[in-house]
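Proteins get letters first, then strands, A, B, ... in listed order; numbering begins at 1 in each.
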Amino acid sequence: MKIALCIKQVPDTTDIRWTENNTIQREGVESIINPFDVYAAELALKLKSQIKDTEITVFTMGPKQAEDMLKKVLALGCDEAVLISDKKFAGADTYATGLTISHAIRTACSDFDLIICGQFAVDGDTAQTGPNIANFLDIPQVTYVKDFVEYSDNGLVLTREMEDGVETVKVQLPALICALKQDFEPRRPFINGIISASKKQIKVLSMEDIGLTPDKTGLKGSPTCVSRAFRNLSSHNAEKFKLNVDDSVKLLSEKLTSLGVIDND
Amino acid sequence: MTNCENSGILIYAQITREKYIHTVFFELVDKAKELSEKLGGVDVNAVIFTTPGQVFEYKEAFQNRGVNKVFYFEDEAFGNYSTDYFSKHLVDLVGVIKSEILLIGATNQGRDLAPRVAAALGTGLTADCTGLDINEKGQLAATRPTFGGQLMATILCKTFPQMATVRPNVFKVYRDDFFVETEFVACPVNILYVKNHVELLDFKKTVDTVINDLDSAEIIVAGGKGLKNEKGFELLNRFAQKIGATVGATRGAVELGLAPVSVQIGQTGKTVSPKVYIACGISGAIQHTVGMTGSEYIIAINNDEDAPIFDIADTGIVGDVFEILPRFINED
């Protein structure tokens, strides 16, 4: 089976710093692999360990620095890595990103059977790029995938976690799936994985390489644009009281009474 | 944007497994009514996929909410959601009726359907909006949280339809006292030309109903990892019972097995907006707070005085929930 694994480098959203003008300070913020993509990689590696002759090609779209992340994922046991990188990709929304990645997959991994993405990226949290790629490649999609059950007759049986329960579905390949986080700690690379990854070449694809034009990529190729971005400041009062237990209980009672939650008579 | 060709707001009416229309649809209809006024009174329409005859069971619901037209697709195959079937038909419909705006509830199903449809239509989509408005140029201005809720972005779309998804409970209140003669428009089904590639083999229900009490609760008491163990949640339950509140939990507490995933509040759980939210032993990770900052009044109890929850609370009580709550329950 040929797997294309799509991952994203994201700023560590738990460590956001603000400039004086309430814009996000991007310098010096650590980049991490999107936490959902870690489990997308886990799912790909699980398939590789259970299905004969499985190869995994990792794709990411981003600046040159994203190579470090690709090396880390190669060290986990993936076979090849592709960096889709071009200044003309800057400012791409999910639509343009999906189009770009779909062209890169066609270019570097055209005989894929399965594409695996993370369900969300924690920076944008749109969950759109996966289904966009599936649409542009005209293949079926399965989102909210929790785990792999079995592979037979060119179909993958998967579980999906929905709001009201767990679905078991079978999808015909080729297909794209979006993986949720799982309940276990993701693996860490072994030293021989790191060594073999360091020897691997990362393929870099530019806009011309994947056969796209400036009007289809980046800001120009994006149907949406951000008209305004602002800091989400809390409108709440942030009054903090440090009292002894009796007074804390009294304060809680008073507040709940004044809010009409309880009747204090 | 003056726009002769594209007109009307189309909203996707999701049918749940229990065969009722998801409440997020009504929330979106109400918001669309407001947007429609700003656009000079364009139609607010719905699209629905049902098994044959089923659409008319919802007739009154559409009328009372003021839906002008219902475009319906009927087939036995529409009993279960299928990305292939639903997206292809929805794309065909929008190609014909040329909606100006297309709104879809940000349920798991909606978030599966919307990006597929947007890409196929070659249009933009803004996910998980918390605000929808019409700007001075007549464009849909969709505001959404990003970077884990810390940054808000208002997004415009250059193409049609301008698409957005909105989570359940974000536009909580809706009116049902309209009355319009809703027109029902049967749409051609081309099931033979579309292949469904994903077969549903099994479904195991883990939650009683998609709409649980948290959605409509006016008072929520939520617990985090600070409640430590089952005893902590038993205490929380007794406290909730005492004040007539509904219990919620953070992802951390759910992962510890202290509460079911159905009551998880936050980015990967539910969005709630009660009148009073009481956070007990919750540190206030963005992951959680993004799902509850819409609450009218927030009380936080935590023994860590530097916990970020205090930055967003109206009243913060620095103290031990294991001391304060038992005392409150007994002596109140």
Taking every non-hydrogen pair under 4.5 Å, which of [options] racks up the most with chain A?
| options | value |
| --- | --- |
| B:Ala127, B:Gly316, B:Gly319 | B:Gly316 |
| B:Ala141, B:Ala245, B:Ala106, B:Gly122 | B:Gly122 |
| B:Ala119, B:Gly124, B:Ala142 | B:Ala119 |
| B:Leu125, B:Asp320, B:Val276 | B:Leu125 |
| B:Gln109, B:Arg144, B:Glu323 | B:Arg144 |
| B:Thr83, B:Val117, B:Leu156, B:Thr126 | B:Leu156 |

Pick from [options]: which one has the most heavy-atom pairs with chain B under 4.5 Å?
| options | value |
| --- | --- |
| A:Arg160, A:Gln119, A:Lys240, A:Lys250 | A:Lys240 |
| A:Val226, A:Val171, A:Leu259 | A:Leu259 |
| A:Asp93, A:Leu251, A:Leu256, A:Val142 | A:Leu256 |
| A:Thr159, A:Leu180, A:Asn132 | A:Asn132 |
| A:Phe136, A:Tyr144, A:Phe120, A:Phe241 | A:Tyr144 |

Heavy-atom distances under 4.5 Å only: say whether [X] touches chain A with side chain, backbone, both or neither.
| X | value |
| --- | --- |
| B:Glu255 | neither |
| B:Ile299 | side chain |
| B:Thr165 | neither |
| B:Ile309 | neither |
| B:Ile219 | side chain |
| B:Thr123 | backbone |
| B:Ala118 | backbone |

*Would A:Gln182 and A:Leu43 satisfy side-chain contact (heavy atoms from CB on, under 4.5 Å), going step by step from the backbone distance to the final call?*
CA-CA 10 Å; A:Gln182 300 219 47; A:Leu43 201 57; 4.2 Å; yes

*When you look at B:Thr315 and B:Tyr297, which way does the side-chain hydrogen bond (donor to acceptor under 3.5 Å, both in side chains) test go after all the steps?*
CA-CA 8 Å; B:Thr315 295; B:Tyr297 197 94; 2.6 Å; yes

With a 4.5 angstrom heavy-atom cut-off, which part of [X] approaches chain B: side chain, backbone, both or neither?
| X | result |
| --- | --- |
| A:Val157 | side chain |
| A:Ile139 | backbone |
| A:Thr129 | neither |
| A:Glu161 | backbone |

_Within residues 117-133 of chain B or reaching into it, pairs that qualify as salt bridge (Lys or Arg N to Asp or Glu O under 4.0 Å) - sequence neighbours excluded_ =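 Applying salt bridge (Lys or Arg N to Asp or Glu O under 4.0 Å) to every pair that reaches into residues 117-133 of chain B, excluding sequence neighbours, yields B:Lys38-B:Asp133, B:Arg111-B:Asp128, B:Asp128-B:Arg167.
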
_Closest contact, heavy atoms only, B:Ala217 versus B:Pro274_ = O-CB, 3.5 Å

_For a quick test of reading the model, state the closest non-hydrogen atom pair linking B:Val198 to A:Pro140 and the distance between them._
CG2-CB, 4.4 Å

Taking only Lys NZ, Arg NE, NH1 and NH2, and the carboxylate oxygens of Asp or Glu, determine whether [X] and [Y] approach each other closer than 4.0 Å.
| X | Y | answer |
| --- | --- | --- |
| A:Lys2 | A:Asp111 | yes |
| B:Lys275 | B:Glu218 | yes |
| B:Asp84 | B:Lys195 | no |
| B:Glu18 | B:Lys205 | yes |

_Tell me whether A:Lys181 forms a cation-pi arrangement with A:Phe36, defined as NZ or CZ under 6.0 Å from the six-membered ring centre and within 45 degrees of its axis._
yes

*Where does the angle between the aromatic ring planes of B:His288 and B:Tyr277 fall among parallel (under 30°), tilted (30 to 60°) and perpendicular (over 60°)?*
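If you compare the ring of B:His288 with that of B:Tyr277, the planes turn out tilted.
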
*Verify the distance criterion only: is there a donor paired with an acceptor across the side chains of A:Gln141 and B:Asp112 at less than 3.5 Å?*
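The criterion, which ignores hydrogens and geometry beyond distance, is satisfied for B:Asp112 and A:Gln141.
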
_From CA spacing to verdict: side-chain contact (heavy atoms from CB on, under 4.5 Å), A:Leu156, A:Phe148_ = CA-CA 7 Å; A:Leu156 267 189; A:Phe148 155 71; 3.5 Å; yes

